[in-house]
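In what follows, chains carry the letters A, B, and so on, assigned in the order in which the sequence lines appear, proteins first and then strands, with residues in each chain numbered from 1.
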Protein chains: 2
Amino acid sequence: MNDEFECDRLDRRRRAIMDAARALFTEQGFERTTLGQIVERAGGSLATVYKLFGNKEGLLDAVVFDKAVSGENLIREFADCGASPANTLRRLAAVLYERFLDPKDVALVRIVIARSIEDADFARRFFETTAMHTRKGLEQMFARWEAQGVRLHGPPDMLAEVFLGLMVSDMQTDAISHGVVARPSAERIAARIEFFLRGAGLEE
Amino acid sequence: MNDEFECDRLDRRRRAIMDAARALFTEQGFERTTLGQIVERAGGSLATVYKLFGNKEGLLDAVVFDKAVSGENLIREFADCGASPANTLRRLAAVLYERFLDPKDVALVRIVIARSIEDADFARRFFETTAMHTRKGLEQMFARWEAQGVRLHGPPDMLAEVFLGLMVSDMQTDAISHGVVARPSAERIAARIEFFLRGAGLEE
DNA sequence: ACAATCGTGTAATGGATATTACACCTTCGC
DNA sequence: GCGAAGGTGTAATATCCATTACACGATTGT
């Protein structure tokens with residue numbers, strides 16, 4: 001009972017600190033946020049922060065890589081559910097918007113970009129576990145369709161890049177620049193999807 | 001002769017300070033760069049920096065908005081030179097890559113994003129004088145074509161968004177994340193252009 | 001050549017903050 | 001209940017840096 005309780009206590013403290021840190025980092029940026037503010041919001045003490053995370057950078061690391069959800073599996077689910085390519089892409093688009101324009105995600109990306117100026121490796125690790133996975137997932141999806149006899153205008157890797165660029169990249173750039181962005185309307189999404197389907201040779 | 005020389009001297013000093021500041025800001029980020037480093041590289045003195053720019057933020061402002069080239073005129077030149085829409089877009093693509101993937105520009109964008117966490121207005125001003133202009137320019141180009149009887153799949157504003165998203169946004173996101181990005185190959189550009197032409201209904 | 005103007009270099013000032021040290025108190029096993 | 005282990009709060013430490021103050025020297029118009 002000792003270990004479990006101990007672990008529970010530590011975990012709860014860890015989570016409280018990380019939650020406070022994430023909130024403050026995304027509100028004010030990394031450098032402007034002081035450990036004092038974090039402790040003030042999370043309760044506990046400075047000493048605990050240093051015990052759990054080593055230093056301020058360690059805390060940022062923990063916050064950013066907390067839940068690196070893999071986009072690869074997400075996409076595989078959609079690709080394997082038997083719908084036509086056109087319909088699969090239509091449903092996938094909504095998920096991508098959810099994923100790439102989520103304010104929490106966007107805020108995190110901004111922090112990573114800010115930090116990447118000083119620590120290039122930090123950004124590389126982040127994007128390899130997020131955007132890269134999504135792109136790879138899309139690429140595999142297109143490749144599987146091609147193997148099943150679907151005729152595509154262009155190689156799978158190009159289509160994956162283009163799909164992401166066409167559907168979300170410009171809005172993501174906007175979101176990153178402005179902090180938030182309005183969810184695109186259904187019509188707007190639909191227009192882009194149809195555009196992609198024509199370009200890829202997938203009109204029905 | 002007095003005024004001219006004075007002005008010349010001040011201008012030269014101004015330029016030297018801004019050049020040093022831009023270099024250091026893009027290398028290390030805004031917060032990590034000290035005014036001491038800037039003066040050390042530019043020569044002159046701290047007092048001059050404060051006289052010319054007021055404070056550190058004023059210097060950043062001057063650096064970022066130094067040469068806010070308008071993308072609107074750039075695009076109008078291309079649109080007015082009489083080539084077919086397809087050929088115009090083909091030549092325009094190369095210019096956009098030059099513009100959006102230029103390492104100097106990318107480095108600036110990173111700084112703006114980093115700063116935007118603390119100062120949202122700063123980012124808004126920047127993107128209104130750069131990306132927004134380019135988008136508007138594209139939109140007007142498509143609208144003019146439509147007025148001339150060219151049949152397009154979709155409204156001009158959507159096409160402008162999509163063209164930017166399709167051609168550069170994903171690479172720009174990469175560039176912003178990683179700092180630099182390899183210039184895309186001619187084939188890669190060509191493939192995307194043809195994709196866009198199909199989607200927009202502009203195949204020849 | 002002279003005196004004034006203005007940039008220049010140096011050296012405070014003052015505040016902020018990451019990090020560490022330390023003494024206290026809670027919590028847990030026995 | 002008791003003692004140990006370890007979290008907690010507070011208070012130094014120590015550095016770093018934007019900003020200001022000041023005295024010096026160069027440059028210029030007369």
Side-chain angles (χ1 to χ4, degrees), chain A residues 1-25 27-64 111 114-115 117-119 122, chain B residues 1-25 27-64 111 114-115 117-119 122:
Chain A
M1 183 225 252
N2 174 17
D3 276 342
E4 271 184 18
F5 197 88
E6 277 288 307
C7 182
D8 214 28
R9 267 174 60 79
L10 271 183
D11 258 17
R12 224 174 298 186
R13 198 120 309 278
R14 200 183 164 79
R15 200 119 289 286
I17 293 168
M18 281 171 63
D19 284 346
R22 173 174 17 248
L24 287 164
F25 286 163
E27 276 168 29
Q28 314 176 332
F30 176 65
E31 315 235 24
R32 296 274 265 245
T33 302
T34 74
L35 292 177
Q37 291 175 311
I38 293 172
V39 167
E40 190 181 359
R41 185 183 288 209
S45 120
L46 258 180
T48 312
V49 175
Y50 278 92
K51 183 165 289 257
L52 287 175
F53 302 99
N55 56 20
K56 200 183 174 188
E57 286 194 12
L59 178 53
L60 176 66
D61 226 82
V63 165
V64 168
I111 295 177
R115 193 87 210 306
I117 298 174
E118 296 144 29
D119 183 353
F122 184 74
Chain B
M1 185 225 252
N2 174 15
D3 276 342
E4 271 185 17
F5 195 88
E6 277 289 307
C7 180
D8 214 28
R9 268 174 60 80
L10 270 183
D11 257 18
R12 224 174 298 186
R13 197 121 308 281
R14 200 184 163 78
R15 199 118 291 285
I17 293 169
M18 282 171 63
D19 284 347
R22 172 171 20 246
L24 287 165
F25 286 163
E27 277 168 29
Q28 314 174 333
F30 176 66
E31 315 234 24
R32 296 275 265 246
T33 301
T34 73
L35 292 177
Q37 291 175 311
I38 292 172
V39 167
E40 190 181 1
R41 185 182 288 209
S45 118
L46 258 181
T48 311
V49 174
Y50 279 92
K51 181 164 292 253
L52 287 175
F53 302 99
N55 57 20
K56 200 184 175 187
E57 286 194 11
L59 179 53
L60 176 66
D61 226 81
V63 165
V64 167
I111 295 177
R115 194 84 210 307
I117 299 174
E118 296 145 29
D119 182 354
F122 183 75

Most 5' of A:Thr34 and A:Ala47 on DNA chain C, judged by nearest nucleotide:
A:Thr34

Once rounded to the nearest 0.5 Å, what's the spacing between atom CD1 of B:Ile117 and atom CZ of A:Phe30?
11.5 Å

In whole angstroms, how far is the P atom of C:dC6 from the CZ atom of B:Arg12?
19 Å

Within the pair A:Thr48 and D:dT8, is there a side-chain N or O less than 4.0 Å away from OP1 or OP2?
yes

Euclidean distance, A:Thr33 OG1 relative to A:Ile111 CD1, rounded to 0.5 Å
7.5 Å

Taking CG from A:Leu59 and P from C:dA18, how many angstroms apart are they, rounded to a whole number?
11 Å

If I take atom CD in residue B:Glu40 and atom P in nucleotide D:dC17, what distance separates them, rounded to the nearest angstrom?
12 Å

Quick one, B:Leu35 with B:Tyr50, criterion side chain to side chain contact (heavy atoms under 4.5 Å, CB included). Give me CA distance, side-chain angles, the key distance, then yes/no.
CA-CA 10 Å; B:Leu35 292 177; B:Tyr50 279 92; 3.2 Å; yes

Respond yes when some side-chain nitrogen or oxygen of A:Lys51 is under 4.0 Å from OP1 or OP2 of D:dG7, and no when none is.
yes

Is the phosphate of D:dT19, meaning OP1 or OP2, less than 4.0 Å from a side-chain N or O of B:Lys56?
no

Atom pair distance, as rounded to whole Å: CG in A:Asn55 and P in D:dA14
20 Å

With the side chain defined as heavy atoms from C-beta on, A:Tyr50 is closest, among C:dA18, D:dT20, C:dT8, to C:dA18

With rounding to the nearest 0.5 angstrom, report the CD to CD distance, B:Glu31 to A:Glu118.
8.0 Å

Are the side chains of B:Phe122 and B:Asp61 in contact, using a 4.5 Å heavy-atom criterion?
yes

Please report, rounded to the nearest Å, how far the P atom of C:dA18 is from the CG atom of A:Leu60.
13 Å

Does A:Arg13 put a side-chain nitrogen or oxygen below 4.0 Å from OP1 or OP2 of D:dT8?
yes

Whole-Å distance separating the CZ atom of B:Arg32 from the P atom of C:dA18
12 Å

Separation of atom CG in B:Leu46 from atom P in D:dC16, rounded to whole Å
17 Å

Separation of C:dT17 atom C1' from B:Glu31 atom CD, nearest Å, is 13 Å

